[in-house]
Amino acid sequence: MSRYNFKLIEKKWQDYWDKNNTYKVISNPNKRKFYCLEMFPYPSGRIHMGHVRNYTIGDVLARYKSLQGFNVLHPMGWDSFGMPAENAAKQNNLNPKDWTEENINAMKNQLKKLGLSIDWEREISTCSPNYYKHQQKLFLELYDKGLIYRKESYVNWDPIDKTVLANEQVINGKGWRSGAVVERKKLNQWFFRISNFAEELLSDLDNLDQWPEKVKIMQKNWIGKSFGCEIDFKIDGSEKVKSIKCYTTRPDTLFGFSFLALSVDHPLSKLYEKDKNFLSFRDECSKTGTTEESIAQAEKIGFKTELLAINPLNENEKVPVYFANFVLMDYGFGAVFGCPAHDQRDFDFAKKYNLEIKTVVKPFDETDSFTVNDEAYTGSGTIINSDFLNGLKVPDESIAKTIQILEEKKIGNKKTNYRLKDWGVSRQRYWGCPIPIAYDEKNQIHKIPEKDLPVLLPDQINLNTKGNPLDSVDQWKKININGKNCIRETDTLDTFVDSSWYFLRFCSSKDNDNSFNKNEIDYWMPVDQYIGGVEHAILHLLYSRFFTRAINLNNKEFELKEPFKGLFTQGMVCHQTYKDQNDNWLSPDDVFSNNGNDYFIKTKPSEKVMVGPSESMSKSKKNTIDPEKMIEAYGADAVRLFILSDSPPEKDIQWSETGMTSAYKFIQKFWSVSQNIIEIVNTESDKSINNEIEIFTNQSIEKINTALEKFRYNVIIAVFHEIFNFFNKVSENRKNYQNLKENYNKILIVVSPVIPHLANECLNLMASKNFEWPKVKKEFLEKEEKEIVIQINGKKRGNILINKKTEENEILAKIKELDIIQKYIKDKKISKTIYVKDRLINIIIK
RNA sequence: GCCCUCGUGGUGAAAUUGGUAGACACAAAGGACUUAAAAUCCUUGCCGCUUGCGGAGUGCCAGUUCGAGUCUGGCCGAGGGCACCA
């Protein structure tokens, strides 16, 4: 028998699917739909193993649903705007468009070699004017709805390159190219009012029952709803400032108040703009960076003002007012009251400036003389040292009660707050969707008229100018709107905008006039299963949820709110890392090993390689494996099989060469047993019925069904091995049982989502007519006899085979006679027995 | 720093969701077949004494329960996110 020639057979089926447009779908109201979507890739040039994993998981689901009779929409596109194109273009003196389009072509070819069941006719690319003109229309629609506005906000500014840097381009506070210390700079930028939807985005999470719990928790914390109180602190004897408003979630610690801290962007900072010391303090703060992490990690520093704030619950207590680097203007009122004993940031600050640390909460198991020493106490307990608040239980009782008192005294008001900030969408870059706005000579905002859309990116661009590239294209910038000379907005949109509605566009990607077609949206949306990396758990998914709501607002034509009914987040693909003696990363292609433990450099076999931990594959660590090479060496089916086999899809998977080769061997073995069976079925003539085959097949399908529904794809591969082991035995005696063909046909169907090329070839050779997902015959799942575990005091001591109808007391009587049990119970008294039907019996003895 | 998730044999893992821990594989060792090798097949999680038997065992420490990998609390370790990477 010939070996399985995957090169020939995979090519044959891929060409067949292409030619016959097998995976093209059109909406059909009479057919149940299933929208299966994987997060679309950034066209970096070559697919990586993460893509292989993502798209294989999705493809298995799409093929499964299709065999079940669903009308499956399974599209693919390109998230093709973004910084890498701009960087590559700068480096190699190319055009970002050409670079991107070449990459798309290359990656499309690679994806096709994986044998994915994709409707390529719906392909979209976000950098194509066909896509972004609709995005510009959507932008203007949302603008008209009042969901988009302009305000000043900070960016990372590289003072040498005179350019805005992304967070990833800031390394240890310095610009990645220039090495200059990065500053915070204020720019006028566009924002989406996502915070208008904070409550809805939060409460609707409860309805997403097919989302991973952890993603919902992450989004919940991100939105950060908190219940607290706004408090007006009176300022002592100042002409200029009467009071300062703070937001707090811990009003119950008000007696521990020892300073009041303001953001450097607080309106009161205007009063200090002539103070040199304040200005140098503000400069110092601007070096902290713009990320929350850098602010949280930075040393707490402050600038002391002459102002004194009065404790509203104790008018004799007056504490200093500072500007401090850890207070954010975006949250609350940009002002916080400091209680060092019960907040770690306040504690660090108080230690630095020798402020009082007054303990007002004690843990339940401490006495009233408890004091905070080395770190803030933020746990539960009882209020102490707080006059009329003493004795209240923290947090449940104390916070509510204090708010009530503050409201009665007209000092503060109960307030709900959200951490979620509005979404800044302006990017000072070339390779993005132009914002369809212009400004007249008085700096008034004008929308670009619809007839002038799309605002196309200029083709000719010099990316090596300093600052925002579009800003230097004078002829492009100028536009006349209703007779007024205007200058275009030169910022482009955040690429997260592109990916916030692409799933809508897939439903009618060919429609030139409309962003999306109502009938198509009504039929296909929501996405039934969305699959992608957990790194998108917050931003991309939240922005998409916002976008559908923003479109939905005041729009009777569009009923959708939640875009993704089901969500699955897959783990990363990892590989060992290698370094040479000089600490340079080495690729797996550069090293070899004879025993699997010690590695050496191929070109210098005497030099030992340092083997590092397995980490997610990345170019910078050189620990990548090229999927195309693997497909060429082992075939798409083997690669698909391996990428699913070793770990559950939501967990990280370790790439291993031995795992890959064993998947390849399995493909060969499975082919060979299939050929045996096809031969038997077509030539041998024994016609007896084999009940074992019936039982095994039905049990296997049942296992596969359960595992498929729960994304336990690695378990499915284990069942495939069981299938091989079983049918390998069955085929040994070369009997053509009457039920062999029917059952093996079913087996080929249920393996086909994972290894579609091999399965289709075998089904073809068997001349199968049936391409439906098999129904499980329940009567073959249950056996008459059942093995029951015998436990003595919860420990397993043996088991017994009984008929399922046997009553509990009968079972117990039988067990008592068993020798293995006798020795445990003969001198003891049975005080209790616990019987779990069909599973175990636990005998408690004394 | 803050938030989230995950820790099961030498390795990847499975476990009907509180009921036989280690299915299915990978690796290694031993054995069978062979002139030899390859391939194939069989055995092996750990500790103890004799095939049998007994004991411990799911990161660590407590707890709930007849019974805990699974539930609760604390600790340790690894990974992800932190708003301009996508």
Side-chain angles (χ1 to χ4, degrees), chain A residues 39-42 44 79 81-84 87 154-156 164-170 189 194 212-222 224 290-298 326 330 344-345 348 419-429 494-496 498-499 532-540 542-543 569 571-572 574 595-596 613 615-616 645-648 650-654 656 658-659 661-663 666 703 706 712 714-722 724-725 787-799 831-834 836 838-844:
Chain A
M39 291 180 184
F40 65 163
Y42 178 81
S44 59
D79 189 10
F81 271 137
M83 285 203 309
N87 291 332
Y154 285 112
V155 293
N156 297 309
V164 176
L165 298 179
N167 285 333
E168 71 158 7
Q169 297 173 320
V170 181
Q189 307 193 68
I194 188 173
E213 212 52 40
K214 70 167 175 180
V215 173
K216 289 195 276 182
I217 292 170
M218 279 157 100
Q219 292 216 349
K220 189 179 163 201
N221 290 331
W222 189 257
T290 56
T291 69
E292 191 172 284
E293 186 192 3
S294 59
I295 292 164
Q297 301 261 39
F326 62 91
D330 290 317
Q344 193 56 42
R345 285 166 311 182
D348 296 340
R419 203 185 74 103
L420 183 65
K421 293 188 289 197
D422 279 338
W423 171 15
V425 294
S426 295
R427 296 293 180 270
Q428 295 69 38
R429 296 182 217 295
D494 179 7
T495 56
F496 271 125
D498 311 341
S499 56
V534 71
E535 65 273 18
H536 294 292
I538 298 174
L539 294 179
H540 163 58
L542 199 62
Y543 291 156
T569 53
M572 293 175 306
C574 300
N595 59 4
E615 295 183 60
S616 75
S645 67
D646 256 16
S647 289
E650 73 278 9
K651 277 179 72 172
D652 288 354
I653 185 169
Q654 311 297 319
S656 79
T658 52
T661 50
S662 86
F666 180 78
K703 279 187 200 170
T706 332
R712 314 295 288 168
N714 55 326
V715 180
I716 293 175
I717 310 303
V719 178
F720 286 9
H721 281 110
E722 289 173 352
F724 166 78
N725 292 336
E787 197 175 64
I788 285 204
V789 171
I790 307 164
Q791 293 185 339
I792 308 286
N793 288 345
K795 269 204 166 65
K796 184 195 168 192
R797 294 299 179 188
N799 35 35
S831 63
K832 192 179 178 184
T833 59
I834 292 119
V836 183
D838 295 344
R839 207 158 292 171
L840 63 78
I841 187 155
N842 188 6
I843 301 168
I844 310 301

Euclidean distance for C1', C82(B) against C46(B) (whole angstrom): 43 Å
Check ion pair Lys421(A)-Glu292(A) (N to O, under 4.0 angstrom): no
N/O (side chain, Asn221(A)) to phosphate O (OP1/OP2, G81(B)) under 4.0 Å: no
Separation of the C1' atoms in A27(B) and U11(B), to the nearest angstrom: 7 Å
Sugar-phosphate, base or nothing in reach of Trp423(A), heavy atoms under 4.0 Å: nothing
Syn/anti state for G9(B) [syn: chi within 90° of 0]: syn
Watson-Crick/G-U partner (both atom distances under 3.5 Å) of G67(B): none
Separation between the C1' atoms of C60(B) and G69(B), rounded to whole Å: 15 Å
Whole-Å distance separating the CG atom of Asp330(A) from the C1' atom of A83(B): 10 Å
Nucleotide opposite A28(B) in a Watson-Crick or G-U pair, distances under 3.5 Å: U44(B)
Distance, P atom - from G22(B) to C53(B), rounded to whole angstrom: 16 Å
Sugar-phosphate, base or nothing in reach of Thr706(A), heavy atoms under 4.0 Å: nothing
Closest to side chain of Val155(A), choosing from C82(B), C84(B), A25(B): C84(B)
Complement of U5(B), any strand, by Watson-Crick or G-U distances under 3.5 angstrom: A78(B)
Sugar-phosphate only, base, or nothing, as touched by Ile538(A) at under 4.0 Å among non-hydrogen atoms: sugar-phosphate
Separation between the P atoms of U70(B) and U16(B), rounded to whole Å: 13 Å
Pairing residues for Glu650(A) by the salt bridge (Lys or Arg N to Asp or Glu O under 4.0 Å) criterion, not counting sequence neighbours: Arg712(A)
For atom CD1 of Ile834(A) and atom C1' of G67(B), their distance in whole Å: 7 Å
OP1 or OP2 of A27(B) under 4.0 Å from side-chain N/O of Thr658(A): no
Presence of Asn714(A) side-chain N/O under 4.0 Å of A14(B) phosphate oxygens OP1/OP2: yes
Atom pair distance, as rounded to whole Å: CD in Glu213(A) and P in C3(B): 18 Å
Touch class at under 4.0 angstrom, heavy-atom based, for Gln428(A) against every strand present: base
Any strand: nucleotide that pairs with G73(B) via Watson-Crick or wobble, under 3.5 Å: C61(B)
Sugar-phosphate, base or nothing in reach of Pro648(A), heavy atoms under 4.0 Å: sugar-phosphate
Proximity to the side chain of Ala166(A) - top-ranked nucleotide from G80(B), C84(B), A83(B): C84(B)
Any Arg712(A) side-chain N or O less than 4.0 Å from OP1/OP2 of A15(B): yes
Sugar-phosphate, base or nothing in reach of Lys214(A), heavy atoms under 4.0 Å: sugar-phosphate
Complementary nucleotide of A39(B), counting Watson-Crick and G-U pairs under 3.5 Å: none
Proximal nucleotide (of U16(B), C85(B), A14(B)) relative to the Met83(A) side chain: C85(B)
Value in whole Å for how far the P atom of G81(B) lies from CG of Leu539(A): 11 Å
Touch class at under 4.0 angstrom, heavy-atom based, for Arg797(A) against every strand present: sugar-phosphate
